[in-house]
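For reference, the structure is listed below as structure tokens.
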Amino acid sequence: MEIIFRGAALEVGRSCIEVKTDKSKILLDCGVKLGKDIEYPLLDNSIKDIDKVFVSHAHLDHSGSLPILFSKRIDVPIITTELTKKLVKVLLKDMIRISETENRKIPYNYHDIKETMRYTIPLGYKEKKYYKDFSYELFSAGHIPGSASILLNYENGKNILYTGDIKLRNTRLTKGADLSYTKDDINVLIIESTYGNSIHPDRKAVELSFIQKIKEVLFRGGVALIPVFAVDRAQEIALILNDYDINAPIYMDGMAVEVTKLMLKYRDMLNEANQLEKALENIKLIEKSEDRVKAVENLSKNGGVVITTAGMLDGGPILYYLKLFMHDPKNALLLTGYQVRDSNGRHLIETGKLFIEKEEIKPNLEVCLYNFSCHAGMDELHEIIKKVNPELLIIQHGEEVQATILRNWALEHGFDAITPKLGDKIRI
């Protein structure tokens, strides 16, 4: 059998891995790499006879290229959890809306998204299914609500575990990953390495530092702008602000509003569903343009907090708020998530400047970065690898430094570990 890396090899973004045998051919994820330009997986004509696509979770770097398959008339079943299916639909539609607003061309349309949803088959955790020469099973990955690791058991005796994005420790929003698959012999472990070189700081300490900064900004009459990923980070931040009783207007804007309401329909996949519901009651939701105008008027007079997309400053309402509030030093921009290479957020961290409407600008507000990651830290990755104890460890979904450091650790601990490059083919 052969594993082909069509994306996320020595990079974060456009996750897409092909697993091929003489009897079957599947894809693990099919995402995009967001940044100044959108990058797609290597999807050539050889994927025309693909049998199934397995989607680990809804984030666009794992799902954003699915409609390309249907634009190519490849009507393939897509397997994922029910919540992931619902979230993918929201995210894909938003991607088209943003591309139209920013005059970006993307290789699919609303019809292709409709077909993507029509061919997506929800599957519960631990519901084992069989197809041709393999069985497949989903396990909670603890990354975001609905996320899954994918276990493939082939009749040739090879068992493959694809973690997708994974998190072992509980967060306010999600419970840690289910590793019950470690009872089986797993030959090949395909693991993410986003934080393959670093251990996350104590989350409680990060929360306290984050809240203290917000209180400082509010005390000086400023506006705290919090760019978030619509799926996971927006809800995590809402939970934190609710727990610490921030005495100021809190607004939620962008796709985060729709996603939060959707998640509350899947309470069994949330760690603190009741608290999230309570948090939402105390937040002013921006659902139409008039709401945004009123919010800006109030923020300009009294200060407050804005939770809004996009988390890496590449489009979304955050740029609207930045244009209005970035010139006053009493305001602050509080980054809460991973900033991919070539993203606007990464550019801001590295240069102190960001792009708004293609113009590079140096903002005058305070900029802070907080680690609220829903990815496994280096210690968690080590723990997963040791528990799975694979014959072959394949490290992907990480920039070269992170992937290489994780590989070196694995080699030192006796694992056969590789870091494939884009387009590499591995025979096992």
Could you walk me through whether Ser46 and Arg6 pass the side-chain hydrogen bond (donor to acceptor under 3.5 Å, both in side chains) check?
CA-CA 12 Å; Ser46 67; Arg6 298 184 174 276; 2.8 Å; yes
Carefully, step by step, assess Lys213 and Glu366 under the rule salt bridge (charged side-chain N to carboxylate O under 4.0 Å, His left out).
CA-CA 10 Å; Lys213 178 55 63 178; Glu366 185 177 8; 2.7 Å; yes
Working for salt bridge (charged side-chain N to carboxylate O under 4.0 Å, His left out), residues Glu39 and Arg14:
CA-CA 7 Å; Glu39 297 179 67; Arg14 56 174 169 176; 3.5 Å; yes
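His397 and Ser193 share no side-chain donor-acceptor pair at under 3.5 Å. A donor and an acceptor atom, one from each side chain of His59 and Asp165, are nowhere located under 3.5 Å apart. A side-chain donor-acceptor contact under 3.5 Å links Ser56 and Asp29. A donor-acceptor pair shorter than 3.5 Å cannot be found between the side chains of Arg346 and Thr351. In this structure, a donor-acceptor pair under 3.5 Å is present between the side chains of Asp253 and Tyr321. Arg203 and Asn371 are not linked by any side-chain donor-acceptor pair at a separation below 3.5 angstrom, with hydrogens and angles left out of the test. Looking only at atom types and distance, the side chain of Tyr131 has a donor-acceptor partner in the side chain of Asp51 under 3.5 Å away. Donor-acceptor pairing under 3.5 Å is lacking for the side chains of Asn364 and Asp328. Side chains of Glu137 and Tyr125: a donor-acceptor N/O pair is absent below 3.5 angstrom, by distance only.
Counting only distance, with no hydrogens or angles, the side chain of Arg104 and the backbone of Ile98 share no donor-acceptor pair below 3.5 Å. A donor-acceptor pair under 3.5 Å is absent between the side-chain atoms of Thr404 and the main chain of Val401, judged by distance alone. When atom types are taken as modelled, the side chain of Asp243 and the backbone of Leu239 share no donor-acceptor pair closer than 3.5 angstrom. No donor-acceptor distance shorter than 3.5 angstrom exists from the side chain of Thr81 to the backbone of Gly124, with no hydrogens or angles considered. Not a single donor-acceptor pair under 3.5 Å links the side chain of Gln396 to the backbone N or O of Ile394. Side-chain atoms of Arg233 come within 3.5 Å of backbone atoms of Thr336 as a donor-acceptor pair (strictly under, hydrogens ignored).
For residues 417-428, the pairs satisfying salt bridge (charged side-chain N to carboxylate O under 4.0 Å, His left out) are Glu2-Arg427, with sequence neighbours left out.
Lys204 pairs by the side-chain hydrogen bond (donor to acceptor under 3.5 Å, both in side chains) definition with Tyr244, not counting sequence neighbours.
One distance of note links CG of Asn197 with CG of Leu406; it measures 9.5 Å at 0.5 Å rounding. Between Lys86 atom NZ and Thr80 atom OG1 the span is 12.5 Å, to the nearest 0.5 Å. Annotation: the span from Leu42 atom CG to Glu18 atom CD amounts to 11.0 Å, rounded to 0.5 Å.
When all heavy atoms of Ala234 and Met252 are compared, the pair lying nearest together is O-CE, 4.2 Å.
With respect to Arg341 and Glu400, no salt bridge is recorded, no charged nitrogen being found less than 4.0 Å from a carboxylate O. Here Glu380 does not pair with Lys387 in a salt bridge; the nearest charged N to carboxylate O distance is not below 4.0 Å. Under the 4.0 Å criterion applied to side-chain N and carboxylate O atoms, Lys126 and Asp178 are assigned as salt-bridge partners. Salt bridge status for Asp342 with Lys33: absent, with no side-chain N to carboxylate O gap under 4.0 Å. Ion pairing of Lys386 with Glu383 is absent here, as no side-chain N (NZ or NE/NH1/NH2) approaches a carboxylate O to less than 4.0 Å.
Taking the six-membered ring for Trp and the full ring otherwise, Phe54 and Tyr136 have centroids separated by under 6.0 Å.
Taking the six-membered ring for Trp and thresholds of 30 and 60 degrees, Phe372 and Phe210 have ring planes more than 60 degrees apart, a perpendicular arrangement. The aromatic rings of His143 and His375 are tilted relative to each other, their planes meeting at an angle between 30° and 60°.
For the ring-ring contact (aromatic ring centres under 6.0 Å, His included) criterion with His200, the lone passing option out of Tyr195, Tyr370, Tyr338 is Tyr195.
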